[in-house]
Amino acid sequence: MKEKMITRTIISTNYSIMSVNVNRGTVETVEITLSGNRDDEKVLKYCNEMWQNAVNNGGMDDLHKAVAVTSAEEVETLYGMPESTFMKYAVVLPPRGTKKESEEE
């Protein structure tokens, strides 16, 4: 018997970001995919914070400064996993419409 699949459609956006490589003094285009859809200002802020953290933590050699979103393409993707895998890793949540204990205080 074929096992049931748990599916979810996720919308993400592929962005092209014009950035300046601060160490080399060059303009580069960087591709990044983020879940959902954000306005350009938030995307640039996110990229700059992410790149600064990567440099600080040794994950990147050169610091980039995001200056403009040159394109954004929204993509809808269907994801799925077997129900048994979902049950193994899923976290039990309170019923919808109820507050968590920490929110009541």
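Computed from a predicted model, the values in this text were never measured in an experiment.
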Colleague: Could you check whether any side-chain N or O of D39 sits under 3.5 Å from a backbone N or O of E41, counting only pairs where one atom can act as donor and the other as acceptor?
Modeller: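 Yes, the answer is positive, given that a donor and an acceptor are paired below the 3.5 Å cut-off.
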Colleague: If I take atom CE from residue M87 and atom NZ from residue K4, how far apart are they, to the nearest 0.5 angstrom?
Modeller: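 Answer rounded to 0.5 Å: 11.0 Å.
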Colleague: Is the number of heavy atoms from other residues, nucleotides or ligands within 6.0 Å of CE (M18) greater than 12?
Modeller: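 Not more than 12 within 6.0 Å, no.
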Colleague: Search all heavy atoms of T13 against all heavy atoms of A72 and return the closest pair with its distance.
Modeller: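 That would be CG2-CB, 4.0 Å.
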Colleague: Donor-acceptor pair, distance only, cut-off 3.5 Å: does the side chain of N23 make one with the backbone of L63?
Modeller: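 It does hold such a pair.
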Colleague: What closest approach, in Å, do E3 and P82 show between heavy atoms, and which atom pair accounts for it?
Modeller: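 That closest heavy-atom pairing would be OE1-CB, 3.5 Å.
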Colleague: Between S16 (side chain) and S71 (backbone), is there a donor-acceptor pair under 3.5 Å?
Modeller: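 It does not hold such a pair.
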Colleague: Are more than 12 heavy atoms from other residues, nucleotides or ligands located less than 6.0 Å from atom CD of E76?
Modeller: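 Incorrect, the count does not exceed 12.
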Colleague: Quick check: closest heavy atoms across H64 and S19, and the distance to 0.1 Å?
Modeller: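 Looking at all heavy atoms of both residues, the shortest contact is ND1-OG, 3.2 Å.
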Colleague: Rounded to the nearest 0.5 Å, how far does NZ of K65 lie from CD of E28?
Modeller: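 Here the interatomic distance stands at 15.5 Å.
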Colleague: Are V55 and V20 linked, directly or through intermediate hydrophobic residues, by side-chain heavy-atom contacts shorter than 4.5 Å (ILVMFWY only)?
Modeller: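 No, separate clusters.
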Colleague: What closest approach, in Å, do A66 and N48 show between heavy atoms, and which atom pair accounts for it?
Modeller: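 Closest approach of A66 to N48, heavy atoms only: N-OD1, 2.6 Å.
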Colleague: Cut-off 3.5 Å, side chains only: do E49 and N53 have a donor facing an acceptor?
Modeller: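 There is no such pair (donor and acceptor under 3.5 Å, judged by atom type) between the side chains of E49 and N53.
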Colleague: Once you round to the nearest 0.5 Å, how far does CZ of R8 lie from OG1 of T77?
Modeller: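 One finds 13.0 Å between CZ of R8 and OG1 of T77.
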Colleague: Measure the CD-CD1 distance between E83 and I6 for me, rounded to the nearest 0.5 Å.
Modeller: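 Going from CD on E83 over to CD1 on I6, the span is 4.5 Å.
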Colleague: Is any side-chain heavy atom of I17 less than 4.5 Å from a side-chain heavy atom of W51?
Modeller: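 They are in contact (side-chain heavy atoms under 4.5 Å apart), so the answer is yes.
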Colleague: Between atom CG of L44 and atom NZ of K42, what is the distance when rounded to the nearest 0.5 Å?
Modeller: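 It is 12.5 Å, given to the nearest 0.5 Å.
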Colleague: Is the backbone N or O of T26 less than 3.5 Å from a side-chain atom of N21, with the two atoms forming a donor-acceptor pair by type?
Modeller: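 No; judged by distance alone, with no hydrogens or angles, the pair does not exist.
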Colleague: Kindly give the cluster partners of Y89, where membership spreads through any ILVMFWY side chain lying under 4.5 Å from a current member.
Modeller: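 Joined to Y89, directly or through intermediates: none.
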Colleague: Any chance you could measure K45, atom NZ, to R38, atom CZ, to the nearest 0.5 Å?
Modeller: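 If I round to the nearest 0.5 Å, the distance is 12.0 Å.
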Colleague: Would a hydrophobic clustering, with Ile, Leu, Val, Met, Phe, Trp and Tyr connected at side-chain separations under 4.5 Å, put V67 with M60?
Modeller: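 Cluster IDs for V67 and M60 differ.
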Colleague: Grouping I, L, V, M, F, W and Y whenever their side-chain heavy atoms are under 4.5 Å apart, do V43 and V27 come out in a common cluster?
Modeller: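 Different hydrophobic clusters.
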Colleague: Counting distance only, does the side-chain N/O of E74 pair as donor-acceptor with the main-chain N or O of N37 below 3.5 Å?
Modeller: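 Absent.
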Colleague: If we only count heavy atoms from C-beta on, is the C47 to V30 side-chain gap below 4.5 Å?
Modeller: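 Side chain of C47 against side chain of V30, heavy atoms only: no contact under 4.5 Å found.
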